[in-house]
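Here's a structure for you.
Below, each value reflects all heavy atoms present in this structure, side chains not excepted, and no hydrogens, waters or symmetry copies.
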Amino acid sequence: MISQKQYCNEEVSRKIDELLSQMTVDEKIGQLHQLGPSPVGGFEISLDELKKMLDAGAITQKEYEQSARGFKVDEREDEVRAGTIGSFLGLYGAEKCNRMQKVAVEESRLGIPLLLGFDVIHGLRTVFPIPLAESCSWDMEMAEKTAAVAAKESAAVGLNWTFAPMVDIARDARWGRIAEGAGEDTYLGSRFAEARVKGFQGESLADPENIAACAKHFVAYGAAIGGRDYNTVDMSLQTLYETYLPPFKAATDAGVATFMGAFNDLNGVPCSTNPFLYKTILRKDWGFNGMVVSDSMALQNCLDHATVADRADVARQALQAGMDMDMHSTCYHDFLKELLENGQISMEDIDTAVTNVLRIKFALGLFENPYTDEFLADKVILCDEHRALARESAKKSIVLLKNNGVLPLKKDVKIAVVGALADNAEEMLGTWEGIGRGEDCISVTAGLQNAGVQFKFAPCCSLDGAFDEAELSATIKDADIVIACVGESKEDSGEASARCDITLPGRQDEMLAAIRAQGKKLVTVLFNGRPLAIPEAVENSDAVVEAWHLGVEAGNAVCDVLFGDYNPSARLTTTFPNHSGECPTYYNHLPTGKPAAEMKYTSKYIDAPLVPLFPFGYGLSYTEYAYSGLSANVTENGIDVTVTVKNVGAVDGEETVQVYVHDVLASRSRPVRELKAFGKVFLKAGEEKQITLSVARKDLEFYDMQLNRIFEAGDFEIFVGHDGTAPLSGEVAVE
């Protein structure tokens with residue numbers, strides 16, 4: 001694993017100092033300037049959206065005209081040659097990247113190579129399950145492997161930097177970007193942050209198959225009020241330190257090369273211009289030695305926060321706060337030289353940022369090896385090995401939410417398949433699909449064909465409200481089993497896709513009710529990028545399979561689970577509410593002064609159940625597991641929790657053993673329970689194993705009112721089981 005110290009060795013520091021001594025002011029500022037192909041960053045947008053941005057004053061007439069005629073970043077050779085652009089986003093393809101690197105390395109005055117970044121969130125061309133889905137595997141090794149494949153494919157097309165992983169804790173299902181992270185739990189999110197950084201970066205960034213990772217969005221973006229994207233964040237510093245910062249700290253400890261700032265403000269200060277975040281927490285407290293980049297146009301957006309006078313003031317505040325690189329807003333490009341000449345910033349401010357950028361370029365080995373093998377992509381992109389891993393990852397990400405015995409299916413029964421999503425391969429990609437293509441994907445209908453299953457298909461119901469009940473009746477008339485593929489479009493989750501109503505769009509619930517009314521056995525397969533409020537769908541279904549957006553092997557993986565070729569083992573990493581109005585909802589809440597109960601004067605909604613539709617950690621299997629013999633042993637390093645797990649069913653399977661802790665008495669109110677350890681164990685039918693999981697002493701600490709991290713001796717309740725409501729419990733005193 002890479003260490004932060006590796007970015008700061010003496011030899012590299014000497015080389016950077018030599019470069020700095022030769023660089024002009026314009027060349028230094030160029031290293032802090034990243035450019036992308038559209039006003040929103042690394043991807044192009046429609047003319048209609050461009051016009052809306054122009055009308056709203058978000059872009060200038062010049063920017064509109066440039067984008068409308070197809071603004072190409074690989075046409076900026078003169079600026080690269082002059083050393084005034086140090087990085088691009090959205091530029092990929094080995095030939096293009098090599099051409100631009102050649103200009104930078106062989107034709108610019110100092111030969112400084114380019115950083116080439118892209119949003120490789122869950123795969124480049126081999127698209128894996130969305131991160132929220134993959135987190136449901138609780139499989140760190142798998143997460144590391146899929147990130148490594150994403151890095152390998154990215155490097156093959158000339159990229160050397162990904163804007164991932166997103167490690168924001170997300171407790172509100174209305175927020176579209178919940179799809180990009182590991183869900184609501186801080187402990188689990190921290191483990192996934194570490195695994196994904198290790199996967200992208202490997203043991204050395206200089207390895208041509210590895211790329212620099214970027215922990216984003218710093219910080220607390222997932223706590224935007226109301227789940228509305230880009231909204232404000234207002235929270236206590238204790239909550240910030242205990243809930244939202246730990247995954248970023250885990251990424252730092254794993255050697256992450258870069259951080260990305262968040263769009264939101266934190267307690268009234270935009271994250272883009274907040275020195276407390278970058279200079280105090282990142283640099284001073286955590287020893288981060290990498291580079292910090294803004295989110296796309298985030299510096300420009302500070303004008304809307306009304307904490308800066310103008311774009312020049314944004315540039316000054318951001319640079320002095322510790323923001324090293326400006327992604328696409330051109331505030332640094334346009335104003336840093338003027339600010340320097342006016343004495344509003346110092347050369348030291350600029351040199352510090354340039355040093356941080358150059359460290360990453362040296363760590364990547366770009367000065368020695370800036371070019372990409374132009375024949376490599378054809379060998380590695382979407383190869384059989386990568387597709388096999390995509391299928392394995394997808395299978396492990398599918399959560400079985402309900403099953404009254406109808407699953408697994410037999411292949412010789414009469415099957416009807418309905419729902420427009422069943423035959424839509426492109427929708428399987430999910431949000432931030434890299435450069436994935438619909439034609440690369442396996443739809444559910446294609447997966448059924450691959451499995452040799454006979455079925456009758458008709459869409460019957462679309463996502464936009466169309467529902468043909470006559471077509472439905474004709475399709476399912478002779479069926480023994482109906483598989484209904486429902487959910488939300490990939491465009492309905494992800495960035496700028498917050499939803500106030502997280503029920504099934506259109507008339508999909510109506511279709512499910514119609515199937516039930518005709519007395520058919522119904523298996524509902526969900527494709528979505530967030531938890532959905534679906535009590536009616538669950539009630540009408542004999543089985544519910546949460547398939548998320550699974551990537552290129554979606555249809556094959558779904559069929560593996562439906563027909564029992566794979567015993568589902570995934571567990572939810574985010575709570576499913578009964579109704580949209582329950583958001584935000586999460587398991588590890590504080591107890592409050594009047595905990596929820598049936599009596600009136602307690603903390604609850606009077607028109608909703610006391611418990612969520614599906615709790616954190618929940619997931620069924622085709623077998624059953626029994627727990628017994630819980631014991632807890634206090635050690636110097638924490639608590640060792642031992643339990644016996646037995647597969648009491650007739651099918652081999654893998655169980656995820658979850659350990660939760662509750663601090664019984666503390667100086668600050670502590671959550672009702674918190675995940676502190678977990679482990680996966682494979683058990684053959686009838687087999688039992690004793691498993692020991694360790695809760696680290698440091699994970700029993702919390703922050704007091706003065707932001708001191710403290711441990712308080714006392715009693716701790718221990719809960720062990722297969723979800724967040726784990727009933728097997730004990731108590732232990734820790735001195």
Side chains of His722 and Glu655: is there a donor and an acceptor less than 3.5 Å apart?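 Note: His722 and Glu655 side chains meet the donor-acceptor criterion.
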Aromatic plane relationship, Tyr230 with Phe263 - under 30° parallel, 30 to 60° tilted, over 60° perpendicular: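 Taking Tyr230 first and then Phe263, their aromatic rings stand perpendicular (interplane angle over 60°).
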Show the nearest heavy-atom pair for residues Asn540 and Leu512, with the distance to one decimal. CB-O, 4.2 Å
Is atom NZ of Lys402 surrounded by more than 12 heavy atoms (other residues, nucleotides or ligands) closer than 6.0 Å? yes
Can any side-chain N or O of Asn231 pair as donor or acceptor with the backbone N or O of Ile225 at less than 3.5 Å? yes
Taking atom CZ of Phe702 and atom OG of Ser667, what is their separation to the nearest 0.5 Å? 4.0 Å
Can a donor-acceptor pair be found, under 3.5 Å and without considering hydrogens, that links the side chain of Asp229 to the backbone of Ala496?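 Yes, because the side chain of Asp229 sits within donor-acceptor range (under 3.5 Å) of the backbone of Ala496.
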Nearest-0.5 Å distance that lies between atom OG in Ser272 and atom NE2 in His217: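 Rounded to the nearest 0.5 Å, the OG-NE2 separation comes out at 11.0 Å.
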Closer than 3.5 angstrom, by distance alone: can the side chain of Ser294 be matched with the main-chain N or O of Ala298 as a donor-acceptor pair?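 Judged by distance alone, no pair lies under 3.5 Å.
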Backbone N or O of Lys396 within a donor-acceptor pair of the Ser137 side chain at under 3.5 Å? no
Heavy atoms only: give me the nearest Phe457-Gly419 pair and the separation to one decimal.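 Residues Phe457 and Gly419, closest heavy atoms: CE1-O, 3.6 Å.
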Could you check whether atom CD of Glu717 has more than 12 heavy atoms from other residues, nucleotides or ligands sitting under 6.0 Å from it?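 Atom CD in Glu717 is crowded, with more than 12 foreign heavy atoms closer than 6.0 Å.
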Glu427 side chain to Ser489 backbone, donor-acceptor under 3.5 Å: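 No, because the side chain of Glu427 does not come within donor-acceptor range (under 3.5 Å) of the backbone of Ser489.
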Report the C-alpha separation of Gln508 and Leu463 in whole Å, then their side-chain angles, then the decisive distance to 0.1 Å, and conclude whether the side-chain contact (heavy atoms from CB on, under 4.5 Å) test is met. CA-CA 7 Å; Gln508 295 178 97; Leu463 299 179; 3.4 Å; yes
Test item: Ser236 side-chain N/O and Thr239 main-chain N/O as donor-acceptor pair under 3.5 Å: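 Confirmed, Ser236 side chain pairs with Thr239 backbone.
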Would you please say whether a donor-acceptor pair under 3.5 Å links the side chains of Tyr587 and Asp185? yes
Compute the centroid of each ring, for Phe616 and then for Trp138, and state whether the two points are separated by less than 6.0 Å. yes
Identify the heavy atoms of Ser397 and Leu550 that sit nearest to each other, and give their distance. CB-CD2, 4.0 Å
Does CZ belonging to Arg516 count more than 12 external heavy atoms closer than 6.0 Å? yes
Contact check, side chains of Glu674 and Val661, non-hydrogen atoms, under 4.5 Å: no
side-chain contact (heavy atoms from CB on, under 4.5 Å), paired with Ile534, selected from Asp509, Thr524, Leu504: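 Passing option: Leu504.
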Take Phe716 and Lys676 through the test side-chain contact (heavy atoms from CB on, under 4.5 Å) and record every step on the way to the result. CA-CA 12 Å; Phe716 292 86; Lys676 293 300 182 183; over 6 Å; no
Check whether any side-chain heavy atom of Leu401 lies under 4.5 Å from a side-chain heavy atom of Val538, and answer yes or no.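 A side-chain contact is absent here, since even the closest heavy-atom pair is not under 4.5 Å.
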For Leu421 against Cys485, the heavy-atom pair lying closest together: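 Closest pair (atom of Leu421, atom of Cys485, distance): CB-O, 3.9 Å.
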Considering only heavy atoms from C-beta outward, does the side chain of Glu654 approach that of Asn567 to under 4.5 Å? no
Are Glu180 and Thr431 close enough that a side-chain donor and a side-chain acceptor fall under 3.5 Å?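 No, no side-chain donor-acceptor contact under 3.5 Å.
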Side-chain ion pair, Arg499 and Glu488, N-O less than 4.0 Å: yes
Do Leu245 and Phe218 have side-chain heavy atoms sitting under 4.5 Å apart?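 Side-chain contact under 4.5 Å: yes.
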Under 3.5 Å: donor-acceptor pair, side chain of Thr585, backbone of Glu582: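 Looks like no, no N/O pair under 3.5 Å.
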Checking the side chain of Ser443 only, and the main-chain atoms of Ala425 only, is there a donor and an acceptor separated by less than 3.5 Å?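 Checked: no pair found.
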What distance do Ile169 atom CD1 and Thr243 atom OG1 have between them, rounded to the nearest 0.5 Å?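 Ile169 atom CD1 to Thr243 atom OG1 measures 8.0 Å (nearest 0.5 Å).
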Can you confirm whether Leu532 sits close enough to Thr503 that some side-chain heavy atom of one is under 4.5 Å from a side-chain heavy atom of the other? no
For Arg673 against Thr725, the heavy-atom pair lying closest together: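 Closest heavy-atom pair between Arg673 and Thr725: NH1-C, 3.3 Å.
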Is it true that Asn528 and Trp548 share a donor-acceptor pair across their side chains at a distance under 3.5 Å? no
So Val418 and Met511, do their side chains get closer than 4.5 Å, heavy atoms only? yes
Quick one: do the Glu546 and Tyr618 side chains pair a donor with an acceptor below 3.5 Å?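 The answer is no; no qualifying pair exists.
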Approximate separation, where rounding is to 0.5 Å, of Ile502 CD1 and Arg530 CZ: 7.0 Å
Side-chain contact, heavy-atom cut-off 4.5 Å: Val444 with Phe527? yes
Under 3.5 Å, is there a donor-acceptor pair between the side chain of Lys216 and the main chain of Phe163? yes
Testing Arg670, Lys249, Arg709 for salt bridge (Lys or Arg N to Asp or Glu O under 4.0 Å) with Glu242, which one passes? Arg670
How long is the straight-line distance from CD1 of Ile515 back to CG of Leu522, given to the nearest 0.5 Å?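 With rounding to 0.5 Å, CG (Leu522) is 5.0 Å from CD1 (Ile515).
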Quick one about Ser603 and Lys594 (side-chain donor to acceptor, distance below 3.5 Å, no hydrogens or angles considered), yes or no? no
Answer yes if the side chains of Ser393 and Glu134 hold a donor-acceptor pair under 3.5 Å, and no otherwise.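 Yes.
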With a 3.5 Å cut-off and no angle check, do the side chains of Glu491 and Ser497 form a donor-acceptor pair? no
Can you check side-chain contact (heavy atoms from CB on, under 4.5 Å) on Leu237 and Leu240, steps first, answer last? CA-CA 5 Å; Leu237 290 180; Leu240 176 71; 4.0 Å; yes
With side chains defined as the heavy atoms from C-beta onward, is the minimum distance between Asn578 and Phe614 less than 4.5 Å? no
Give, for atom CG of Leu675 and atom OG1 of Thr186, the distance between the pair rounded to the nearest 0.5 Å. 10.0 Å
So, for Gly227 and Asp172, which heavy atoms are closest and what is the spacing to 0.1 Å?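 Looking at all heavy atoms of both residues, the closest pair is N-OD2, 3.4 Å.
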Side-chain H-bond candidate by donor/acceptor type, Glu184 with Thr575, under 3.5 Å: yes
So Tyr244 and Tyr221, side-chain contact (heavy atoms from CB on, under 4.5 Å) or not? Walk me through it. CA-CA 9 Å; Tyr244 294 93; Tyr221 185 30; over 6 Å; no
I'd like to check the salt bridge (Lys or Arg N to Asp or Glu O under 4.0 Å) partners of Glu553; sequence neighbours left out, ordered by chain and number.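 Counting only residues at least two positions away or on another chain, Glu553 forms a salt bridge (Lys or Arg N to Asp or Glu O under 4.0 Å) with Arg387.
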Could you tell me whether a side-chain N or O of Lys520 sits under 3.5 Å from a main-chain N or O of Ala416, the two making a donor and an acceptor? no
Are there over 12 heavy-atom neighbours, none belonging to Glu539, within less than 6.0 Å of that residue's CD? no
Look at Arg177 together with Glu495 and state whether they make a salt bridge at an N to O cut-off of under 4.0 Å.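 Salt bridge flag = yes for Glu495 with Arg177.
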For Phe467, is the NZ or CZ atom of Arg507 found under 6.0 angstrom from the centre of its six-membered ring and inside 45 degrees of the ring axis?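 Arg507 over Phe467 ring: no.
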